[in-house]
Asker: 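Take a look at the following structure, please.
Predicted model, so just to flag it, every value in this text is computed and none were measured.
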Protein chains: 2
Amino acid sequence: MQTLTHPTPEQLRLEAVLDALASPVRLRIVGRLAQGAELTCGTVLPDVPPSSASHHWRVLRESGVLFARREGRVIVHSLRRDDLDGRFPGLLDAVLSALPARAADES
Amino acid sequence: MQTLTHPTPEQLRLEAVLDALASPVRLRIVGRLAQGAELTCGTVLPDVPPSSASHHWRVLRESGVLFARREGRVIVHSLRRDDLDGRFPGLLDAVLSALPARAADES
DNA sequence: GCCATCGTTCGATGAAGTACGTACTGCCGT
DNA sequence: ACGGCAGTACGTACTTCATCGAACGATGGC
């Protein structure tokens, strides 16, 4: 299991970020992360099998939307707000404010 | 050749818009449209065969990013700025300001 | 060391998107 | 009416993506 790779802030590509966000499943993850807490993989998407969920977390990570770090046995994820705001000002906020409130009532 | 269909402002879906924008070719189109002029299909993407270009114009139209109207022999396209700003405030501006200036020097 | 847990990787399958040639429609000028 | 131009529709080949089961790797607790 190789180390978690992330793009540097300079490596962020608009198309990759948009593509990562253009998915209902991944928007759910982002919406949850936007609530402030750092989350582990299993926390969101209880209805999705682990291998599928892992795929989506990876897309978000490799596009630079979120940051992942190992913490003991789990992997903790957080939004890369500052990096995204630096490269694409206003983009994340626009997407988040366009999200329905559905993320609030899901486990 | 059936009439050009557009989603109503209420029908705009975030994922569809993001997906439409998550493409280099289509971002080129949007970048050109953002310069203010209304454009016909042939104006942008001279290097892309008409049938391919038509596909991308259609994706942008059906996602609600742009508006198309027949004007004699050509089809005139314009950005749906107001509708997009209404549903997803700040999104279009964020994407446009994140675009490289490449759109300026292309035919 | 052993086991359970968390998450990844691999491989296969089916769905969806892209690209493009060709044939067609709709409109205009003559 | 005819020819040409703008753009679409269709069919197809190709590529990418999504999904998921199964096997594996890493870690912490006992």
Asker: Do B:Leu99 and B:Phe88 share a hydrophobic cluster (ILVMFWY, side-chain heavy atoms under 4.5 Å, transitive)?
Answerer: yes
Asker: Are A:Leu96 and A:Leu14 joined in one hydrophobic group, where the rule is that I, L, V, M, F, W and Y side chains link up if heavy atoms are under 4.5 Å apart?
Answerer: yes
Asker: On DNA chain D, check which nucleotide each of B:Ala53 and A:Asp47 is closest to and give me the residue with the more 5' one.
Answerer: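 Final value for this comparison: B:Ala53.
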Asker: Between the main-chain N or O of A:His56 and the side-chain N or O of A:Arg26, is there a donor-acceptor pair closer than 3.5 Å?
Answerer: no
Asker: Atom CD of A:Glu15 to atom C1' of D:dT16: distance rounded to whole Å?
Answerer: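 Roughly 15 Å, once rounded to whole Å.
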Asker: Without decimals, in angstroms, what is the distance between A:Ile75 CD1 and C:dT5 P?
Answerer: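 In whole Å, C:dT5 P and A:Ile75 CD1 are 18 Å from each other.
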Asker: Would one find more than 12 heavy atoms of other residues, nucleotides or ligands at under 6.0 Å from atom CG of A:Asp47?
Answerer: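 Check passes, neighbour count above 12.
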Asker: Taking CG from B:Leu27 and P from C:dT18, how many angstroms apart are they, rounded to a whole number?
Answerer: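 Rounded to the whole Å, the gap is 12 Å.
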Asker: With no hydrogens and no angle check, is any side-chain donor or acceptor of B:Arg70 less than 3.5 Å from a backbone partner on B:Ile75?
Answerer: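 No; zero donor-acceptor contacts below 3.5 Å.
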Asker: So what's the dot-bracket for DNA chain D: Watson-Crick or G-U pairs under 3.5 Å, [ ] if a pair crosses, | if it pairs off-strand?
Answerer: ||||||||||||||||||||||||||||||
Asker: Strictly below 4.0 Å: does B:Ser52 bring a side-chain N or O up to OP1 or OP2 of C:dC20?
Answerer: yes
Asker: So A:Pro50, base contact, sugar-phosphate only, or nothing? Heavy-atom distance under 4.0 Å.
Answerer: base
Asker: So, B:Glu38 and B:Arg69, do they make that salt bridge, N to O below 4.0 Å?
Answerer: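 Looking at B:Glu38 and B:Arg69, the cut-off is met.
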Asker: Can you check whether A:Asp93's main-chain N or O pairs, donor with acceptor, with A:Ser97's side chain at less than 3.5 Å?
Answerer: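 Checking the backbone N and O of A:Asp93 against the side chain of A:Ser97, a donor-acceptor pair under 3.5 Å is found.
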Asker: I want to confirm an ordering. Mapping A:His55 and A:Val74 to their closest nucleotides on DNA chain C, which one lands closer to the 5' end?
Answerer: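 Nearer the 5' end of the strand: A:Val74.
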Asker: Whole Å only: how far is the CD1 atom of B:Ile29 from the P atom of D:dG7?
Answerer: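 Atom CD1 in B:Ile29 sits about 12 Å away from atom P in D:dG7.
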Asker: Hey, does the side chain of A:Ser54 come within less than 4.0 Å of C:dG7's phosphate (OP1/OP2), counting only N and O?
Answerer: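 Checking C:dG7 against A:Ser54, no side-chain N or O comes under 4.0 Å of OP1 or OP2.
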Asker: Would you say the ring centroid of B:Phe67 lies under 6.0 angstrom from that of B:His77?
Answerer: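 No - the distance between ring centres of B:Phe67 and B:His77 does not fall below the 6.0 Å cut-off.
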Asker: For A:Val65, is there any backbone N or O sitting under 3.5 Å from a side-chain donor or acceptor partner on A:Arg80?
Answerer: no
Asker: Tell me if a side-chain donor or acceptor on A:Arg61 pairs with a main-chain N or O of A:Leu66 at a distance below 3.5 Å.
Answerer: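 Pair absent, no side-chain N/O of A:Arg61 close to backbone of A:Leu66.
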Asker: Could you check how far CG of A:Leu4 sits from P of D:dT27, rounded to whole Å?
Answerer: 11 Å
Asker: What is the distance, rounded to the nearest whole Å, between atom CG of B:Asp19 and atom P of C:dT18?
Answerer: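 Atom CG in B:Asp19 sits about 7 Å away from atom P in C:dT18.
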Asker: Over how many whole Å does the gap from B:Leu45 atom CG to C:dA19 atom C1' extend?
Answerer: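 Computing the B:Leu45:CG to C:dA19:C1' distance gives 13 Å.
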Asker: Please tell me whether B:Ser54 and B:Ser51 have a donor and an acceptor in their side chains that are separated by less than 3.5 angstrom.
Answerer: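 Side-chain D/A pair, B:Ser54 to B:Ser51: absent.
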Asker: Between protein and nucleic acid, restricted to nucleotides 3-5 of chain D and to nitrogen or oxygen atoms under 3.5 Å apart, what atom pairs and distances do you find?
Answerer:
from	atom 1	to	atom 2	distance (Å)
D:dG4	N2	B:Arg73	NH1	3.4

Asker: Under 4.0 Å between a side-chain N or O of B:Thr40 and OP1 or OP2 of D:dG7?
Answerer: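 So the side chain of B:Thr40 is within the cut-off, an N or O lying under 4.0 Å from OP1 or OP2 of D:dG7.
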Asker: Output the residues of residues 56-68 of chain A in contact with DNA chain C, where contact means a heavy atom of the residue under 4.0 Å from an atom of the strand; sort by number or write none.
Answerer: A:Arg58
Asker: Would you check if the side chain of B:Ser63 reaches a backbone N or O of B:Val59 as a donor-acceptor pair within less than 3.5 Å?
Answerer: yes
